[in-house]
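In what follows, every chain begins at residue 1, and chains take the letters A, B, ... in the order their sequences are listed. Every heavy atom of this structure was used, including side-chain atoms; hydrogens, water molecules and symmetry mates were not.
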There are 2 protein chains.
Amino acid sequence: MRNRSVTYSSEATFQALADPTRRAVLDLLRRGSQPAGEIAGAFPVSRPAISKHLRLLRRAHLVREHREGRHRVYQLNPAPLRAVASWLDQYRTFWKMNLTSLKTFVEAEYVKETKQAAKTNIKTVPGKR
Amino acid sequence: MRNRSVTYSSEATFQALADPTRRAVLDLLRRGSQPAGEIAGAFPVSRPAISKHLRLLRRAHLVREHREGRHRVYQLNPAPLRAVASWLDQYRTFWKMNLTSLKTFVEAEYVKETKQAAKTNIKTVPGKR
DNA sequence: TTATCGCGTAACTGATAGGTTACGCATTAT
DNA sequence: ATAATGCGTAACCTATCAGTTACGCGATAA
């Protein structure tokens, strides 16, 4: 058998990851596959909204869908994330390098950051609906 | 001196990375700091457009700006990417795991992928847009 | 001082994306 | 057969963003 590697569109992947709800869906699916309804139930947005997110994730091939009776079960497909990881790797050396020059920046700026970082944290299993 | 860790808003980071032009700007800055004009010159869009991209990157703290005479030099700040990397790390085990179950998917789907993957590749120093 | 350069901002346009409600289509349950 | 469930799609509204041109301001050059 040939060793073919699948080339995913990084563009679609980044695009899909840009939305916090979609990242949360992925985080949710790391725990195991789930039907669309249960996924939607985990978020404070409507079911159609989640449906659209799922379609986007499907097109980015970050999830796969298969039917079980009248359920549509969604499964994580982490393969496209490899491309993102390898893009990031190009920067890995940089953030090891710049620690000293970063320091001055940090002293001045970190305060503003921590303030708004709290509310933008991804919740893996969100509460209300 | 204390060893404080800066918490960046992953939300802003992902958001900034969602645009291919902005990723290309970062890729450009890996080669070294540059004034805004030169960055703009590397892209087929107007200078104000790049200026707005730079502002977004600035707000995501992915770049820093300092003035040199009448130039505004932009410098890469890769620190926020660490958060993205650590998010990705949670998926690293998954894409090592799923290789076999991925196989069936690949056989069926890879054709469509390769077709559109060609035109969506990120160019480090992009040409037209 | 005056002209020019570098660059950001304002104001506007068009496209896109996330959200909603309403609806329709299968599939299971009664 | 009929009702109910699960879920996607259509149609719509709104906010945001990428792009443009016009303008203004500070810094250098003449």
Side-chain angles (χ1 to χ4, degrees), chain A residues 9 11-26 28-29 33-75 116 119-120 122-123 126 128-129, chain B residues 9 11-26 28-29 32-75 120 122-123 126-129:
Chain A
S9 156
E11 186 43 36
T13 311
F14 273 109
Q15 173 66 21
L17 295 181
D19 186 87
T21 303
R22 286 194 290 267
R23 288 197 302 278
V25 168
L26 295 180
L28 197 61
L29 290 178
S33 303
Q34 290 191 17
E38 278 190 46
I39 298 173
F43 293 90
V45 293
S46 72
R47 194 173 45 67
I50 295 295
S51 180
K52 291 169 89 176
H53 283 306
L54 287 172
R55 181 175 54 179
L56 231 155
L57 289 169
R58 229 184 295 136
R59 290 187 177 160
H61 297 284
L62 284 164
V63 300
R64 277 173 279 166
E65 172 247 6
H66 67 100
R67 325 219 170 168
E68 285 183 16
R70 58 184 167 184
H71 294 271
R72 299 190 177 208
V73 178
Y74 282 89
Q75 184 186 1
Q116 79 164 24
K119 68 172 180 184
T120 50
I122 306 159
K123 291 185 187 58
K128 69 194 61 170
R129 202 194 177 287
Chain B
S9 156
E11 185 43 36
T13 311
F14 274 109
Q15 173 68 19
L17 295 181
D19 186 88
T21 304
R22 286 193 290 266
R23 288 199 301 279
V25 168
L26 294 180
L28 197 61
L29 290 179
S33 303
Q34 290 191 17
E38 279 189 46
I39 297 173
F43 294 90
V45 294
S46 72
R47 194 173 45 65
I50 295 295
S51 179
K52 291 170 90 176
H53 283 305
L54 287 172
R55 182 175 52 180
L56 231 154
L57 288 169
R58 229 184 295 135
R59 289 185 180 166
H61 297 284
L62 284 163
V63 300
R64 278 173 278 167
E65 171 247 7
H66 66 101
R67 324 212 172 174
E68 285 184 16
R70 57 184 168 184
H71 295 268
R72 297 189 178 209
V73 178
Y74 281 90
Q75 183 187 2
T120 49
I122 306 161
K123 292 183 188 59
K128 68 194 53 173
R129 200 182 186 289

Comparing A:Arg22 and A:Gly69 on DNA chain C - which has the more 5′ nearest nucleotide: A:Arg22
A:Glu68 CD - C:dA26 P separation (whole Å): 20 Å
Ignoring hydrogens and geometry, is there a side-chain-to-backbone donor-acceptor pair from B:Arg22 to B:Gln15 under 3.5 Å? yes
Closest approach of A:Ala18 and B:Glu11, non-hydrogen atoms and distance? O-OE2, 3.7 Å
Indicate the atoms forming the closest heavy-atom contact of A:Phe43 with A:Leu28, along with that distance. CE1-CD2, 4.0 Å
Calculate the interatomic distance between B:Arg59 atom CZ and C:dG8 atom P; express it in whole Å. 13 Å
Closest approach of A:Leu29 and A:Gln34, non-hydrogen atoms and distance? CD2-N, 3.9 Å
Between A:Asp19 (CG) and D:dC17 (P), how many Å, whole number? 12 Å
Would you mind reading off the distance between B:Glu65 atom CD and C:dC7 atom P, rounded to a whole angstrom? 10 Å
Any B:Asp19 side-chain heavy atom under 4.5 Å of B:His53 side chain: yes
Could you state the CG-P distance from A:Leu56 to D:dG8, rounded to the nearest angstrom? 14 Å
Pick the closest DNA chain D nucleotide for A:Arg70 and for A:Ile50 by heavy atoms, then say which residue is nearer the 5' end. A:Arg70
Identified side chain to side chain contact (heavy atoms under 4.5 Å, CB included) counterpart of B:Tyr74 within the set B:Val25, B:Ile50, B:Val63: B:Val63
Closest contact, heavy atoms only, B:Arg58 versus B:Ser51: NH2-O, 4.3 Å
Taking NE2 from B:His53 and P from D:dT20, how many angstroms apart are they, rounded to a whole number? 9 Å
Detail all sub-3.5 Å separations between protein N/O atoms and N/O atoms belonging to nucleotides 20-25 of chain C.
from: C:dT20; atom 1: OP2; to: A:Ser46; atom 2: N; distance (Å): 2.8
from: C:dT20; atom 1: OP2; to: A:Ser46; atom 2: OG; distance (Å): 2.5

Can you tell me if the side-chain N/O atoms of B:Tyr74 get under 4.0 Å from OP1 or OP2 in C:dG6? no
Nearest-Å distance for atom pair CG/C1', residues A:Leu54 and C:dG19: 15 Å
Return the value, rounded to whole Å, for the distance between atom NE2 of A:His66 and atom C1' of D:dC7. 15 Å
Report the nucleotide, chosen from C:dG6, D:dC17, D:dC7, that has the shortest atom-to-atom distance to any side-chain atom of A:His71. D:dC7
